Amino acid sequence: MPSARTWFITGASRGLGRAFAEAALSAGERVVAAARDVGPLADLAEKYPEELLRLSLDVSDRRAVFETVERAAAAFGGLDVVVNNAGGLLYGMVEEATEKQIRNHLDVNFFGAVWVAQAVIPHLRARGSGRLLQITSMGSGGGMASVGFYGAGKAALDSVSEALAMEVEQFGIKVTIVQMGGYATGLFTAGTTETAPDPAYDELRARLTEMWGDYAGPDPSEAAPALLELAALPDPPQRLILGDRSFDAVLEMDRAREEQYRAWESLSRTAPG
């Protein structure tokens, strides 16, 4: 029987992070659960006193990230699977967002994920193996009104993760970009910062609300088995869309983008290069 692996999961106190932590623990793995507030994990700590370590962490603080990763690796003798999951949502039109809101958002959703990757790579390289699962979004391939900065941060993480995958493959480290579909994670409630609405966008905002409807998506626990299977694959994909409806939606967006490219192909080809 294979020995238990050690998982390091950010944003582990709620939503997808919590679901991933529970699933890994149920499968007999060890988990270091990092979050700004680890209080909601008290019940898991009681159930898994030897297998779960809770560590408070704000991923936007680079020094704290490195210190926390050192503590995590020391606690269980190394790391095997890292789930870069921490994030939030900045909801509002591009024009409405303040500089502080934009910077704070990207500090968590993009830079925080980069700091975690930088901190864990030396530990995984020392073992000659490891998995880094970068949790992004099905919407990272294109912008959507009112969630443009969320998509921008995830798109940036997609791009840097592809570069990282090329860089660390030589060390036996596998990087997978996990493009999540919509799950009932609380992202649009507890995890949301909203801009001050400009009345000029009232009509568009109403259309978006009608288009999205009230359905929050399936429970995050329904995504966890696929993530565990992904983490166990000997040769995992570099990208994975997680969610059946999301899979179809992403393919449709890709087809629409290709049609647009083809419609203007003649103009594109007028320029050398």
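Keep in mind that what you see is a predicted model, and the values were worked out from it rather than measured. FYI, the numbering just counts along the sequence from 1.
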Report summary line: Rounded to the nearest 0.5 Å, the OG1 atom of Thr136 sits from the CD atom of Gln179 at a distance of 4.5 Å
Report summary line: Rounded to the nearest 0.5 Å, the CD1 atom of Ile241 sits from the CE atom of Met138 at a distance of 8.0 Å
Report task. Kindly work out whether a path of hydrophobic side-chain contacts (I/L/V/M/F/W/Y, heavy atoms less than 4.5 Å apart) joins Leu240 to Phe247. Result -> no
Report task. Give a yes or no answer on whether the side chain of Ser268 reaches the backbone of Trp264 with a donor-acceptor pair at less than 3.5 Å. Result -> yes
Query raised in the report: How close do Gly11 and Asn85 get, heavy atom to heavy atom, and via which atoms?
Result: O-ND2, 3.1 Å
Query raised in the report: Counting distance only, does the side-chain N/O of Gln134 pair as donor-acceptor with the main-chain N or O of Val83 below 3.5 Å?
Result: no
Report task. Decide side chain to side chain contact (heavy atoms under 4.5 Å, CB included) for Thr195 and Gln101; before the verdict, give the C-alpha distance in whole Å, the side-chain angles of both, and the deciding distance to 0.1 Å. Result -> CA-CA 8 Å; Thr195 61; Gln101 286 176 326; 3.6 Å; yes
Query raised in the report: Is it true that Arg257 and Asp254 have a side-chain N and a carboxylate O under 4.0 angstrom from each other?
Result: yes
Requested in this report: Using the side chain to side chain contact (heavy atoms under 4.5 Å, CB included) rule, take Thr6 and Val81 through it: C-alpha gap first, then chi angles, then the decisive distance, then the call.
Outcome: CA-CA 6 Å; Thr6 298; Val81 182; over 6 Å; no
Query raised in the report: Can a salt bridge be assigned to the pair Glu162 and Arg239 using a cut-off of 4.0 Å between side-chain N and carboxylate O?
Result: yes
Query raised in the report: So, Glu203 and Arg207, do they make that salt bridge, N to O below 4.0 Å?
Result: yes
Query - Ala33 versus Leu52, closest heavy-atom pair with distance - result: CB-CD1, 3.8 Å
Report task. Answer yes if Val114 and Val65 sit in the same cluster of Ile, Leu, Val, Met, Phe, Trp and Tyr residues linked by side chain heavy atoms under 4.5 Å apart, and no otherwise. Result -> yes
Requested in this report: Identify whether Tyr150 and Met253 are in the same connected component of the hydrophobic contact network (ILVMFWY, side-chain heavy atoms under 4.5 Å).
Outcome: no
Query raised in the report: Are Thr68 and Ser56 close enough that some pair of their side-chain heavy atoms sits under 4.5 Å apart?
Result: no
Report summary line: Here the pair of heavy atoms bringing Leu228 nearest to Ala23 is CD2-O, 3.5 Å
Query raised in the report: Which distance, rounded to the nearest 0.5 Å, do you find between the CG of Leu79 and the CZ of Arg127?
Result: 7.5 Å
Requested in this report: For residues Val31 and Ile9, determine if any side-chain heavy atom of one lies less than 4.5 Å from a side-chain heavy atom of the other.
Outcome: yes
Query - Pairwise distance CD1(Ile135) to CG(Asn84) - rounded to 0.5 angstrom - result: 8.0 Å
Query - CD (Gln118) with more than 12 external heavy atoms under 6.0 Å - result: yes
Query raised in the report: Is the side chain of Gln170 donor-acceptor paired with the backbone N or O of Glu167 at a distance under 3.5 Å, no angle test?
Result: yes
Query raised in the report: When rounded to the nearest 0.5 angstrom, what distance separates OG in Ser146 from OH in Tyr91?
Result: 4.5 Å
Query raised in the report: Looking only at heavy atoms, what is the nearest atom pair of Ala34 and Phe8, with distance?
Result: CB-CZ, 4.1 Å
**Report entry** Salt bridge flag under 4.0 Å for residues Glu51 and Arg30
**Finding:** no
Query - Set of residues satisfying salt bridge (Lys or Arg N to Asp or Glu O under 4.0 Å) with respect to Asp61, sequence neighbours excluded - result: none
Query raised in the report: Is Met144 linked to Leu251 within one hydrophobic cluster, defined over Ile, Leu, Val, Met, Phe, Trp and Tyr using a side-chain heavy-atom separation of less than 4.5 Å?
Result: no
Query raised in the report: Quick one: are Arg54 and Pro40 in side-chain contact, heavy atoms under 4.5 Å?
Result: no
Requested in this report: Could you tell me whether Arg18 and Asp43 make a salt bridge, using a distance below 4.0 angstrom between a side-chain N and a carboxylate O?
Outcome: yes
Query raised in the report: In this structure, which one of Ile177, Asn109, Val147 forms a side-chain contact (heavy atoms from CB on, under 4.5 Å) with Lys154?
Result: Asn109
Query - Shortest non-hydrogen contact between Ile173 and Ser129, atoms and distance - result: CG1-O, 4.2 Å
Query raised in the report: Under 4.0 Å between a Lys/Arg side-chain N and an Asp/Glu carboxylate O for Arg205 and Glu96?
Result: yes
Query raised in the report: Could Arg255 and Glu258 be called an ion pair, given the rule that one side-chain N must be under 4.0 Å from one carboxylate O?
Result: no
Requested in this report: Apply ring pair (Phe, Tyr, Trp, His ring centres under 6.0 Å) to Phe111 and list each qualifying residue two or more places apart in sequence or on a separate chain.
Outcome: Trp115
Report task. Show your reasoning for whether side chain to side chain contact (heavy atoms under 4.5 Å, CB included) applies to Ile121 and Val168. Result -> CA-CA 8 Å; Ile121 289 299; Val168 301; 3.9 Å; yes
Requested in this report: Give the cluster check for Leu132 versus Met166: same hydrophobic cluster or not, with ILVMFWY residues linked at side-chain heavy-atom distances below 4.5 Å.
Outcome: no
Query raised in the report: Within a strict 4.5 Å, meaning less than it, do heavy atoms of the His105 and Phe110 side chains meet?
Result: no
Query raised in the report: Does the side chain to side chain contact (heavy atoms under 4.5 Å, CB included) test come out yes or no for Val32 and Phe76, once each step is laid out?
Result: CA-CA 9 Å; Val32 179; Phe76 291 124; 3.8 Å; yes
Query - Distance-only side-chain donor-acceptor flag, Asp37 / Ser13, under 3.5 Å - result: no
Query - Side-chain (Ser159) to main-chain (Ala156) donor-acceptor, under 3.5 angstrom - result: no
**Report entry** Glu265 atom CD, neighbour heavy-atom count above 12 within 6.0 Å
**Finding:** yes
Query raised in the report: Roughly how far apart are Thr176 OG1 and Arg131 CZ, rounded to 0.5 Å?
Result: 7.0 Å
Query - Side chain Ser137, main chain Gly139, donor-acceptor under 3.5 Å - result: yes
**Report entry** Distance-minimising heavy-atom pair for Ser60 and Val108
**Finding:** CB-CG2, 4.3 Å
